[in-house]
Enquirer: 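Structure incoming, see below.
Labels below follow one simple rule: chain letters A, B, ... track the order of the sequence lines, proteins then strands, and each chain is numbered from 1.
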Amino acid sequence: MSSSPSIHASERALKRLKKRHARERRFKVMGLSAIAIAVMALIWLLYSVIGTGYKAFYTHSFTLDVEMTESVLDPTGARDPDALRKSNYRRIVQNAMYERFPDVTDRKAKKELFDIISTSGAPNHLRQMAYNDPSIIGQSFTITVPTSDDVDQLLKGNIDRDLDESRRKVSDRQIAWVDQLMETGEIKSGFNKGFFVNPDSRDAELAGIATAFLGSLMTLFVTALMAIPVGIGAAIWLDEFAPRNRFVDFIEININNLAAVPSIIFGVLGLAIFINFFGLPRSIPIVGGLVLGLRALPTVIIATRATLMAVPQSIRDGALSIGASHVQAVFHHKLPHAGPGILTGSIIAMAQALGETAPLLMIGMVAFLTEVPNSPTDPATVLPVQIYIWSSNAERAWVEKTSAAIMILLLVLILINGFAIWLRNRLEKRW
Amino acid sequence: MNSILILICVTLALTAISFVFARQKARRQLAVAAKTIHSQPSYHGWFAGLMSGGLAFLALIVSAFLSLSPLFTIVLMVVLAVLGFFFAMNRIGADFRARTYVEYFIKSILVLCSLIAVFTTIGIIFSLLFESMRFFKEVSFLDFVTGLDWSAQTAFRDDQVGQSGSFGAVPIFAGTFLITLIAVSIAAPIGLMIAIFLSEYASVRAKRIIKPTIEILAGIPTIVYGFFALLTFGPFIRGFAESMGFGIPTQSAFTAGVVMGIMIIPFVSSLSNDVINAVPQSMRDGSYALGATKSETMTKVVFAGALPGIIGAFLLAISRAIGETMIVVLAAGGAANLTANPFESVSTVTFQIVTLLTGDLEFDSPKTLSAFALGLMLFVVTLLLNMIALIIVRRYSAKYE
């Protein structure tokens, strides 16, 4: 091509260039594969959670004719509420089941038959009904109660029917009954409302996230009440009023460090100060909220400072020049402009607090609770801790529940963060 | 609890009433001299409100400390509030500097807010030190940091309390180190490559998609990672090893470390991205002008310039990994083995704190106290790492300004 071959066109140089270009391509591929690994990890994680969790949103229930036999429940006929509480509702359910399958006679088969239904859920349902309205004793009616978690798993296809009977949780006989009941429509699948309204339970088919969800809400309320005002106040002081000296430098460094302290340390602090020193009760949302409030404080301060710094100095100066005091200039003029940014930062800090587990374990929010909390001073747990508690159960039904609870948690986090981003895009000013 | 709420409401009500009356009086009285007054009527109102409310609150605190009866407390609060109210009402006038006082109060509240962050740090140090000292009275510090045998759980039995050797934390530190090493050796290269790709290769549009997607990883709560490690990744690794003919446990340093590494990828990538972007474009342009390819520019020019910042990012990532709790609690296994084999069950500082401090606590037993000693170690190490990282990053960013 060219008349004078330059050294850049020599064979060696071209070879070298080829090598260099290959290296360039390899480098780019490395970058791309790093992204691919991270994205694939994310997809795998979400897939494994959603793939098992979605099944917990529907469940199977059994519609059964029961007779509230008076001779079993209230032989004296006194209708005493306390006595009715202790009556043998289990027997009623058993009788109803035996009546549905009159040809089952032998003891073992009878037990298996009863095990199709939620063995504590059904009697508890009847107990609650009788407690609410004692006049139903002696009557017959139909109730719809959850099936046992094993039957639910069988119908969801999670138990291998081809496995040897001794190695699966439901017997051949139970499978036959369940199939028959499915055909007649007595066992039906439907939306799992119990998962949302029930507190925790030892039985997978009855366990729900109500306690944890309300606990999370209350805890987060206390956290917000504490961290957001204090955080904004601290940020305003540091940004506007603080003198420049060593002590203020120390406060700033301290806040930056506090943001990077492991969250479990805040739990230890809460245990030592709030519970051991002040003697507050364990496992209550107030203490949990305070601990998470301290945890979220540096995040709120840092986010607020960043927004305050972005507001042009001229706004404050304008206010000062027409005679406003320093406090007025900041609160009436600077702060409103920073409002949207502060709100976004605070919301994101609250989302982080919602996902915290370790500090709340330290202050005892890990108790097994079968009651829904009514106020922030009642023992409660939170969603992440509920997930932790459930995750120690290896049975399929529990894995499903845990995954579903994670789905709820992630959904709430996505909504909160999405709201924050929407707010920022909508309200934030660029100067 | 409820009585306190009621008393706080009483305080607020007294504040509000004082505010309204004082403002009204100030409005009437100062309307004549509207141009020469120092403070607007509402500041007079605030002054009165703060005087009466503040005194009532003071009475509330005092009676809470002396545990007086609620009725007496209310009487005391109202009397003091009325005194404060009349004090403020008497001051209302054109010359009275109500605004100055109110603003002084506001600033004091702001200072108090800032001090809460300091008090938190002091609280952490104090509570950890205090309980650790009690622990080190029973177990010598030297035994704690050099002992090779950790069996805090069994030391609960009477005949074993304080027995030397039970609280040797070396296996715990080794386990923490092993998991951190695995996590960082996953997160550091991947995070760094992502940062490089985003800053040097990705188009604006690609960046807009990739960046938030990676950030999602950072927003997922750690308990979710722990659950994923325990139920998906652990069994997957075991199955994979079995198919190769090895038998390894589901819960191991490897399982926890890899999942933790994935968790801190966005942490490394966003910090490194910032420092790489901070390297001046002129340095890149100079390199391109000499004929260097993008990768050569990156590895030989930009990387060298960004190195301190990247080291800072790695240090922060290490600090994150050391303090991470839920993943190790669920997936590390928890046996205090002194091992370098990643496929064995190990225990970490955070794991031990969780197991020692959940359940029934006895603040006298070294078992409980040892958790505070571990907490102190954790706090000191992460604090040092953060400090060093901050200093490095700060110095580095000053270099290019």
Enquirer: So for atom OH, which belongs to B:Y101, do other residues, nucleotides or ligands contribute more than 12 heavy atoms lying within a distance under 6.0 Å?
Expert: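 Open: at most 12 neighbouring heavy atoms sit under 6.0 Å from OH of B:Y101.
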Enquirer: If the condition is side chain to side chain contact (heavy atoms under 4.5 Å, CB included), which residues does A:L32 pass it with, not counting sequence neighbours?
Expert: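 By the side chain to side chain contact (heavy atoms under 4.5 Å, CB included) rule, A:L32 matches B:F197.
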Enquirer: Using non-hydrogen atoms and a 4.5 Å limit, figure out which bit of A:L361 sits close to chain B: side chain, backbone, both or neither.
Expert: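 Contact with chain B: backbone and side chain both.
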Enquirer: Side chains of B:V224 and A:P384, heavy atoms from C-beta outward: is any pair under 4.5 Å?
Expert: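 No, too far: nothing below the 4.5 Å cut-off.
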Enquirer: Looking at A:N276, A:V49, A:I251, A:T402, which makes the most heavy-atom pairs under 4.5 Å with chain B?
Expert: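 When all of A:N276, A:V49, A:I251, A:T402 are compared, A:N276 has the most.
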Enquirer: Please flag which part of A:F266 lies under 4.5 Å from any non-hydrogen atom of chain B: side chain, backbone, both or neither.
Expert: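 Answer is side chain: those atoms of A:F266 sit under 4.5 Å from chain B.
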Enquirer: Against chain A, label B:L390 side chain, backbone, both or neither, depending on which of its atoms sit under 4.5 Å from a heavy atom there.
Expert: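 The side chain, not the backbone.
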Enquirer: Can you tell me how far the CE atom of A:M30 sits from the CD1 atom of B:I194, to the nearest 0.5 Å?
Expert: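 If we round to the nearest 0.5 Å, A:M30:CE and B:I194:CD1 are 12.0 Å apart.
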Enquirer: Go through the atoms of A:Y47 and report whether side chain, backbone, both or neither lie under 4.5 Å from a heavy atom of chain B.
Expert: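 Neither the backbone nor the side chain of A:Y47 comes within 4.5 Å of chain B.
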Enquirer: Based on non-hydrogen pairs under 4.5 Å, which of B:C113, B:P221, B:G226, B:S269 is most in contact with chain A?
Expert: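 Ranked by contacts with chain A, first place is B:C113.
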Enquirer: For the CG atom of A:L360 and the OG1 atom of B:T358, what is their distance to the nearest 0.5 Å?
Expert: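 Output value for this atom pair is 13.0 Å.
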Enquirer: Could you check whether any side-chain heavy atom of B:F379 comes within less than 4.5 Å of a side-chain heavy atom of A:V268, counting everything from C-beta outward?
Expert: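 B:F379 does not reach A:V268 side chain to side chain.
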Enquirer: Can you tell which part of B:L376 gets under 4.5 Å to a heavy atom of chain A, answering side chain, backbone, both or neither?
Expert: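 Nothing of B:L376, per the 4.5 Å heavy-atom cut-off to chain A.
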Enquirer: Among the options B:F130, B:F372, B:Y201, pick out the one with the most heavy-atom pairs lying under 4.5 Å from chain A.
Expert: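 The residue among B:F130, B:F372, B:Y201 with the greatest pair count is B:Y201.
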Enquirer: With a 4.5 Å limit on heavy-atom distance, are the side chains of A:Q328 and B:E103 in contact?
Expert: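 When only atoms from C-beta onward are counted, B:E103 and A:Q328 do touch, with a gap below 4.5 Å.
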Enquirer: From A:N256 CG over to B:N386 CG, what is the distance, rounded to the nearest 0.5 angstrom?
Expert: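 Reported to 0.5 Å precision, the distance equals 9.5 Å.
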Enquirer: State which residue, out of B:I106, B:L110, B:V102, fulfils the side chain to side chain contact (heavy atoms under 4.5 Å, CB included) condition with A:V327.
Expert: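 Running side chain to side chain contact (heavy atoms under 4.5 Å, CB included) over B:I106, B:L110, B:V102 with A:V327 returns exactly one hit, B:I106.
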Enquirer: Quick one: what part of A:N417 sits under 4.5 Å from any heavy atom of chain B, side chain, backbone, both or neither?
Expert: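 A:N417 has no heavy atom closer than 4.5 Å to chain B.
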Enquirer: So which residues of residues 385-393 of chain A are in contact with chain B at a heavy-atom cut-off of under 4.5 Å?
Expert: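 At a heavy-atom separation under 4.5 Å, chain B is reached by A:I387, A:Y388, A:S391.
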Enquirer: So, do A:P262 and B:T350 sit near enough that their side-chain heavy atoms are less than 4.5 Å apart?
Expert: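 Not in contact.
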Enquirer: Need one label for A:S33: side chain, backbone, both or neither, based on atoms under 4.5 Å from any heavy atom in chain B.
Expert: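 Neither; nothing under 4.5 Å.
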Enquirer: Do B:L231 and A:V399 have side chains that approach each other closer than 4.5 Å (heavy atoms only, starting at C-beta)?
Expert: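 They are in contact (side-chain heavy atoms under 4.5 Å apart), so the answer is yes.
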Enquirer: Does any heavy atom of chain A fall under 4.5 Å from the side chain of B:M298, the backbone, both, or neither of them?
Expert: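 For B:M298, the contact with chain A is made by the side chain alone.
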Enquirer: Could you look at A:I35 and say if it's the side chain, the backbone, both or neither that has a heavy atom under 4.5 Å from chain B?
Expert: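 Backbone plus side chain of A:I35, per the 4.5 Å heavy-atom cut-off to chain B.
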Enquirer: Applying side chain to side chain contact (heavy atoms under 4.5 Å, CB included), run through A:F241 and B:V111 and close with a yes or a no.
Expert: CA-CA 9 Å; A:F241 300 105; B:V111 173; over 6 Å; no
Enquirer: Looking only at heavy atoms and a cut-off of under 4.5 Å, which of B:A389, B:S295, B:A371, B:G323 has the most pairs with chain A?
Expert: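 That would be B:S295.
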Enquirer: Between B:Y43 and chain A, with a heavy-atom cut-off of 4.5 Å, which part of the residue counts as in contact: side chain, backbone, both or neither?
Expert: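 Side chain only.
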Enquirer: Return the NZ to CZ distance between B:K294 and A:R25, rounded to the nearest 0.5 Å.
Expert: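 It is 15.0 Å, given to the nearest 0.5 Å.
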Enquirer: Measure B:R320 against the heavy atoms of chain A and call it side chain, backbone, both or neither at under 4.5 Å.
Expert: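 No part of B:R320 comes within 4.5 Å of chain A.
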Enquirer: Evaluate A:L297 against B:I116 for side chain to side chain contact (heavy atoms under 4.5 Å, CB included), listing each step before the verdict.
Expert: CA-CA 9 Å; A:L297 188 59; B:I116 285 182; 3.7 Å; yes
Enquirer: Quick check on A:I255 against chain B: is it the side chain, the backbone, both or neither that has a heavy atom closer than 4.5 Å?
Expert: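 It is the side chain, since no backbone atom gets that close.
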Enquirer: Would you mind reporting whether B:I186 and A:I37 have side-chain heavy atoms less than 4.5 Å apart?
Expert: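 Of all side-chain heavy-atom pairs linking B:I186 with A:I37, none is under 4.5 Å.
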Enquirer: Provide the closest heavy-atom pair for A:A38 versus B:L217 in the form atom of the first, atom of the second, distance.
Expert: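 What the structure gives for the nearest pair is O-CD1, 3.8 Å.
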Enquirer: I'd like to verify something: which residue of A:L271, A:L413, A:V261, A:V39 has the highest number of heavy-atom pairs under 4.5 Å with chain B?
Expert: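 Result: the option with the highest number of such pairs is A:L271.
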Enquirer: Looking at A:G231, A:A260, A:A272, A:P298, which has the largest count of heavy-atom pairs under 4.5 Å with chain B?
Expert: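 Option with the top pair count is A:A260.
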Enquirer: Based on non-hydrogen pairs under 4.5 Å, which of A:A41, A:S375, A:S325 is most in contact with chain B?
Expert: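 Most pairs with chain B among the choices: A:S325.
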Enquirer: If you count the non-hydrogen atoms of other residues, nucleotides and ligands that lie under 6.0 Å from CZ in A:F368, is the total more than 12?
Expert: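 Yes, the 6.0 Å shell around CZ holds more than 12 heavy atoms from other groups.
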Enquirer: How far does CD1 of B:I220 sit from CG of A:L409, to the nearest 0.5 angstrom?
Expert: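 Here the interatomic distance stands at 10.0 Å.
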Enquirer: Kindly give the heavy-atom pair with the smallest separation between A:R282 and B:L357, and that separation in Å.
Expert: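 Nearest pair, atom of A:R282 first, then B:L357: NH2-O, 3.8 Å.
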Enquirer: If you measure from CD1 on A:I236 to NZ on B:K107, what distance do you get to the nearest 0.5 Å?
Expert: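 Those atoms lie 13.0 Å apart.
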Enquirer: For chain A, find which of B:T299, B:T382, B:I124 contributes the most heavy-atom pairs closer than 4.5 angstrom.
Expert: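 Of the candidates given, the most pairs with chain A belong to B:I124.
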Enquirer: With a 4.5 Å heavy-atom cut-off, do A:W237 and B:I109 have their side chains touching?
Expert: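 No, every pair of side-chain atoms sits at 4.5 Å or beyond.
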Enquirer: Against chain B, label A:L42 side chain, backbone, both or neither, depending on which of its atoms sit under 4.5 Å from a heavy atom there.
Expert: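 When you check distances to chain B, atoms from both the backbone and side chain of A:L42 fall under 4.5 Å.
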Enquirer: If we only count heavy atoms from C-beta on, is the B:I353 to A:M362 side-chain gap below 4.5 Å?
Expert: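 SC-SC contact between B:I353 and A:M362 confirmed.
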Enquirer: Measure distances from A:I253 to the heavy atoms of chain B and classify the residue's part below 4.5 Å as side chain, backbone, both or neither.
Expert: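 When you check distances to chain B, only side chain atoms of A:I253 fall under 4.5 Å.
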Enquirer: Using non-hydrogen atoms and a 4.5 Å limit, figure out which bit of B:Y104 sits close to chain A: side chain, backbone, both or neither.
Expert: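 Contact with chain A is absent: no heavy atom of B:Y104 under 4.5 Å.
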Enquirer: So with a 6.0 Å cut-off around NZ of B:K207, is the heavy-atom count from everything else above 12?
Expert: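 Yes, the 6.0 Å shell around NZ holds more than 12 heavy atoms from other groups.
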Enquirer: Name the region of B:E131, side chain, backbone, both or neither, that has any atom closer than 4.5 Å to a heavy atom of chain A.
Expert: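 Contact with chain A: side chain only.
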Enquirer: Under 4.5 Å from any heavy atom of chain A, what part of B:L128 do you find: side chain, backbone, both or neither?
Expert: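 For B:L128, the contact with chain A is made by the side chain alone.
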Enquirer: By the definition side chain to side chain contact (heavy atoms under 4.5 Å, CB included), identify the one residue from A:I264, A:T357, A:I265 that meets it with B:T325.
Expert: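 One option only clears the test, and that one is A:I264.
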